[in-house]
Engineer: 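A single structure is presented below for examination.
Any value given below was found using the heavy atoms of this structure, including those in side chains, with hydrogens, waters and symmetry copies removed. This is a predicted model, so every value here is computed, not measured.
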Protein chains: 2
Amino acid sequence: MAEGRRAQAIREARLLLAEEGAISMRRLADRLGIKAPSLYKHFPDKAGLEAALIAEGFTELAAALEGAGDGLPNLLAAYRRWALEHPHLYDLATRQALRRDLLPEGVEEAAGRPVVVAAGGDPDRARALWASAHGLIVLEQAERFPPDADLDAAWRALAQAFATTS
Amino acid sequence: MAEGRRAQAIREARLLLAEEGAISMRRLADRLGIKAPSLYKHFPDKAGLEAALIAEGFTELAAALEGAGDGLPNLLAAYRRWALEHPHLYDLATRQALRRDLLPEGVEEAAGRPVVVAAGGDPDRARALWASAHGLIVLEQAERFPPDADLDAAWRALAQAFATTS
DNA sequence: GTCTATACCCGGATAGAC
DNA sequence: GTCTATCCGGGTATAGAC
């Protein structure tokens, strides 16, 4: 076999999510040339499919953050870039309670580790830092800021706020 | 007349949003004892109805922030409290591009002013501060943090990061 | 592992009569 | 300003045949 249906479905689901902003089992089945009920032979339900995508996203994000240069501005820039390049996957992975029971061990932690390091190892500070970056991203993605807002400057202000304050 | 249909509809829409987490024109009409098409005599479309709710939310949030005590921790606490007490309205007002064309003049600015003041008048810093609080709120509301996360401590860490850094 | 058929649910909005 | 009738669309998931 060149590729299992499951792997093919995950690949197409990412394309579908990227192109249309949402996944439906019917639309995904159309792309695969099968009928929607057949998908349930490969995934128990939609959450199982989504978890596979989210796991991929965490792994890629972790690599992107590891590859960022030193310093908080570089880390924030890498985080922002990855999120804006994968807006709907980012949204899928953050807007709802994480189904940790469906995720491979360690993927969430791998994506979070660079942030904890940047926060000096303080988990509370790391969560504040992560949430701050997340807030800028979701507001930016939703075009929620006024049209004249200078978002690059806002990101710089965020980096400055968290620059070795403690 | 005791109360116009429009005002009644807005009131019921808020209850519907608070109780069920979403507004549908059909569900709203049911609550009012009318049929869904009749709502379109009072609002041009759903966005027009939502804008009325969002405007109310901004006004109430502005009052809550004005009433917060001095200091960044108090401001953040007031913001957090209002958002968590009105989670779905908060979400409605922040998760999508704001229809400023449907909003009364000044309501957005009124809600934002206390944040700008807290940021020392720097609009970029104010946006970073706002987004940071927003990020904590949406992640908290979505139950996206790990179960053992100490969110009060994260809020304290945020306040410290923005404590007169510049 | 695929299919057909189907179950159930939901949504926004318009036309035209009264 | 309300109604009925209707338009369009969407969705997750299961049963049972092949």
Side-chain angles (χ1 to χ4, degrees), chain A residues 1-55 87-89 91-93 95-99 101-103 142, chain B residues 1-55 87-89 91-93 95-99 101-103 142:
Chain A
M1 59 168 179
E3 182 182 31
R5 256 280 193 257
R6 183 186 158 92
Q8 186 192 10
I10 292 171
R11 188 166 47 76
E12 285 297 327
R14 279 196 68 162
L15 293 172
L16 178 62
L17 181 62
E19 290 171 18
E20 308 192 12
I23 293 168
S24 96
M25 301 302 267
R26 296 185 189 192
R27 307 276 296 122
L28 175 57
D30 285 346
R31 279 187 169 248
L32 295 169
I34 62 176
K35 301 300 177 183
S38 304
L39 284 170
Y40 292 85
K41 298 292 183 181
H42 305 287
F43 302 92
D45 51 26
K46 196 184 181 185
L49 168 66
E50 290 177 341
L53 270 62
I54 291 168
H88 301 294
L89 180 54
D91 192 52
L92 181 67
R95 82 177 164 215
Q96 58 193 326
L98 191 61
R99 290 293 304 270
D101 56 317
L102 302 180
L103 248 36
Chain B
M1 58 167 180
E3 182 183 31
R5 256 279 192 258
R6 184 186 157 92
Q8 185 192 10
I10 292 171
R11 188 166 48 75
E12 284 298 327
R14 278 196 70 162
L15 292 172
L16 177 62
L17 181 63
E19 290 171 18
E20 307 193 11
I23 293 168
S24 95
M25 301 302 268
R26 297 184 197 217
R27 306 276 296 120
L28 175 56
D30 285 346
R31 278 185 171 249
L32 294 169
I34 63 177
K35 301 300 178 183
S38 304
L39 283 171
Y40 292 85
K41 298 292 182 181
H42 304 286
F43 302 93
D45 52 25
K46 196 185 182 185
L49 168 65
E50 290 177 341
L53 269 62
I54 291 169
H88 302 294
L89 179 54
D91 192 53
L92 181 66
R95 82 175 167 219
Q96 59 193 326
L98 192 60
R99 291 294 304 271
D101 56 317
L102 303 181
L103 249 37

Engineer: Just list the side-chain donor-acceptor pairs under 3.5 Å for residues 41-53 of chain B, sequence neighbours left out, or say none.
Structural biologist:
unit_1	atom_1	unit_2	atom_2	d
B/Asp45	OD1	B/Ala47	N	3.3
B/Asp45	OD1	B/Gly48	N	3.0
B/Lys46	NZ	B/Ile23	O	2.8

Engineer: In residues 20-31 of chain B, which residues come under 4.0 Å of DNA chain D by heavy atom?
Structural biologist: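 Result for residues 20-31 of chain B: none.
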Engineer: Who are the side-chain hydrogen bond (donor to acceptor under 3.5 Å, both in side chains) partners of A/Arg6, not counting sequence neighbours?
Structural biologist: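 Per chain and number, A/Arg6 pairs via side-chain hydrogen bond (donor to acceptor under 3.5 Å, both in side chains) with no residue.
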Engineer: Just distance, no hydrogens or angles: give the donor-acceptor pairs under 3.5 Å from side chains in residues 12-19 of chain B, sequence neighbours left out.
Structural biologist:
unit_1	atom_1	unit_2	atom_2	d
B/Glu12	OE1	B/Arg31	NH1	3.0
B/Arg14	NH1	B/Glu56	OE1	2.9
B/Arg14	NH1	B/Glu60	OE2	2.6
B/Arg14	NH2	B/Glu60	OE1	3.3
B/Glu19	OE1	B/Arg31	NH2	2.4

Engineer: By side-chain hydrogen bond (donor to acceptor under 3.5 Å, both in side chains), which residues pair with A/Glu20, not counting sequence neighbours?
Structural biologist: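 Partners of A/Glu20 by the side-chain hydrogen bond (donor to acceptor under 3.5 Å, both in side chains) criterion, ordered by chain and then number, come out as A/Arg27.
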Engineer: How far apart are the closest heavy atoms of A/Leu39 and A/Leu32, and which atoms are they?
Structural biologist: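 So the minimum-distance heavy-atom pair works out to CD2-CD1, 3.8 Å.
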Engineer: Suppose we screen for salt bridge (charged side-chain N to carboxylate O under 4.0 Å, His left out). Which residues come up paired with B/Arg5, at least two apart in sequence or across chains?
Structural biologist: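 With sequence neighbours excluded, B/Arg5 shows a salt bridge (charged side-chain N to carboxylate O under 4.0 Å, His left out) to no residue whatsoever.
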Engineer: Could I get the full list of side-chain contact (heavy atoms from CB on, under 4.5 Å) partners for B/Ala36, not counting sequence neighbours?
Structural biologist: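 Counting only residues at least two positions away or on another chain, B/Ala36 forms a side-chain contact (heavy atoms from CB on, under 4.5 Å) with B/Arg26, B/Ala29.
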Engineer: Give the minimum heavy-atom separation between B/Leu28 and B/Ala9, together with the two atoms involved.
Structural biologist: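 Shortest heavy-atom contact: CD1-O, 3.8 Å.
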Engineer: Taking only residues two or more places apart in sequence, or in another chain, which ones meet B/Gln96 in a side-chain hydrogen bond (donor to acceptor under 3.5 Å, both in side chains)?
Structural biologist: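 With neighbours one apart ignored, the set is empty.
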Engineer: Listed in order of residue number, which residues of residues 5-14 of chain A have a non-hydrogen atom at under 4.0 Å from DNA chain D?
Structural biologist: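 Heavy-atom cutoff 4.0 Å gives no residues at all.
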Engineer: Walking along DNA chain C from 5' to 3', note the first and the last nucleotide with an atom under 4.0 Å from a heavy atom of chain A, and give both.
Structural biologist: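 So the outermost contacting nucleotides come out as C/dG1 to C/dA7.
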Engineer: Using a 4.0 Å cut-off on heavy atoms, which residues in residues 32-47 of chain B reach DNA chain C? List them by number, or say none.
Structural biologist: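 DNA chain C contact set from residues 32-47 of chain B: B/Pro37, B/Tyr40, B/Asp45, B/Lys46.
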Engineer: So what does the secondary structure string of DNA chain D come out as, 5' to 3', with Watson-Crick or wobble pairs under 3.5 angstrom, [ ] for crossing and | for pairs with another strand?
Structural biologist: ||||||||||||||||||
